[in-house]
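Side chains included, hydrogens not; waters and symmetry mates left out as well; all remaining heavy atoms used.
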Amino acid sequence: MGLQLTVADSYAALFGTPDVDFVFPLLNRGGFLNSEMLLPLLCTRAGIPFLGASPILRGLGDDKHLAKLEAQARGVPTAPWVLYRRGAPVREGACPMSARMVVKPNASSASWGVRDADSWAGVKAAVEAIHAEGHDAIVEPFVAGSDIEVPVILQGGVPVILPMMQFAQADPTLLRTYDEKRDLAEGGQRYETVAYEDARWQPRVAELTRWMAEVFHPFDYGRFEFRYDVERDEMLFMEVNLNCNLWSKKAFAGSAALAGLSHAELIETILAESLLRQGLMARDQALAA
């Protein structure tokens, strides 16, 4: 694209004011709570434009509880849940208990730290373990089904939904773990990433995604996640991942390929749209590139 590129691999590169015009933040998980906000905050402090949503929106997306509250306020269905902040009481009365519960860090990615439990004692122990690891815990009933992934990018400054993807599981009662999502599980994956082509549900998922995309716009790119409840025939919002994994082997790139975009074209489109949005490139320059 004719851009001069400088690569950095630590937050320290932005502790001063580097000689750059624009930052493409990819270091989203820094190993500490709410680290997704740090790079956008450092860029804002230095007055450097950057790709992606503002710091407060990155924090909103990183907090599963707050994202679910935004969904609830807009009539987007979610599973019932409760948040136990670290240092606050872990009370049974607030918990929407069912036969099987899922407990996970409130700001984790790729199901890091996810656990399940079949009793209040098990839930409480899991919450306390997550608190001991330095995280808030979110608790909700396990939903048997498959995850629906909806990648969204900007085109002409407007959120555009790319082809939807499904993590199709042979066993809908399987609790997907971090190791599986990061291709580290022994015995290989127990799910398949495929195009989601359910004609009955696609329009509804698109509608719900548009409602949620407005909450975080402008965000340049992100993945909105839903779970289809096979027992209740219901589509539930789970979470949003802004500045999500763009690796060529993962769902976002697979979706772009279905839309006719190569991996390089996907990255170029995301970058060019952000530059255009922030007045760093004219549209005729983008077309010429």
Engineer: Tell me if the CZ atom of R200 is crowded by more than 12 foreign heavy atoms within 6.0 Å.
Structural biologist: yes
Engineer: Looking at F142, I'd like to know if the NZ or CZ of R227 sits under 6.0 Å from its six-membered ring centre while staying within 45 degrees of the ring's axis.
Structural biologist: yes
Engineer: More than 12 heavy atoms of other residues, nucleotides or ligands under 6.0 Å from CG of D21: yes or no?
Structural biologist: no
Engineer: Could you check whether Y228 and D233, counting side-chain N and O atoms only, form a donor-acceptor pair closer than 3.5 Å?
Structural biologist: yes
Engineer: For atom CZ of R74, is the number of surrounding heavy atoms from other residues, nucleotides or ligands below 6.0 Å larger than 12?
Structural biologist: yes
Engineer: Any side-chain donor-acceptor pair under 3.5 Å between R58 and N28?
Structural biologist: yes
Engineer: Can you confirm whether the side chains of E225 and N241 place a donor and an acceptor under 3.5 Å from each other?
Structural biologist: yes
Engineer: Could you tell me whether the side chain of F252 reaches within less than 4.5 Å of the side chain of L162, counting heavy atoms only?
Structural biologist: yes
Engineer: Do other residues, nucleotides or ligands put more than 12 heavy atoms under 6.0 Å from R232 CZ?
Structural biologist: no
Engineer: Of all the heavy-atom pairs spanning D116 and R100, show the shortest one and how long it is.
Structural biologist: OD2-NH2, 3.0 Å
Engineer: Are the aromatic rings of F219 and F224 close, with centres under 6.0 Å apart?
Structural biologist: yes
Engineer: Could you state whether F226 and V215 fall into the same hydrophobic cluster, counting links through intermediate Ile, Leu, Val, Met, Phe, Trp or Tyr residues with side-chain heavy atoms under 4.5 angstrom apart?
Structural biologist: yes
Engineer: Check this for me, if you would: do R204 and E207 make a salt bridge, where the nitrogen-to-carboxylate-oxygen distance has to be below 4.0 angstrom?
Structural biologist: yes
Engineer: Will you find, in the side chains of T269 and E265, an N or O donor that is under 3.5 Å from an N or O acceptor?
Structural biologist: no
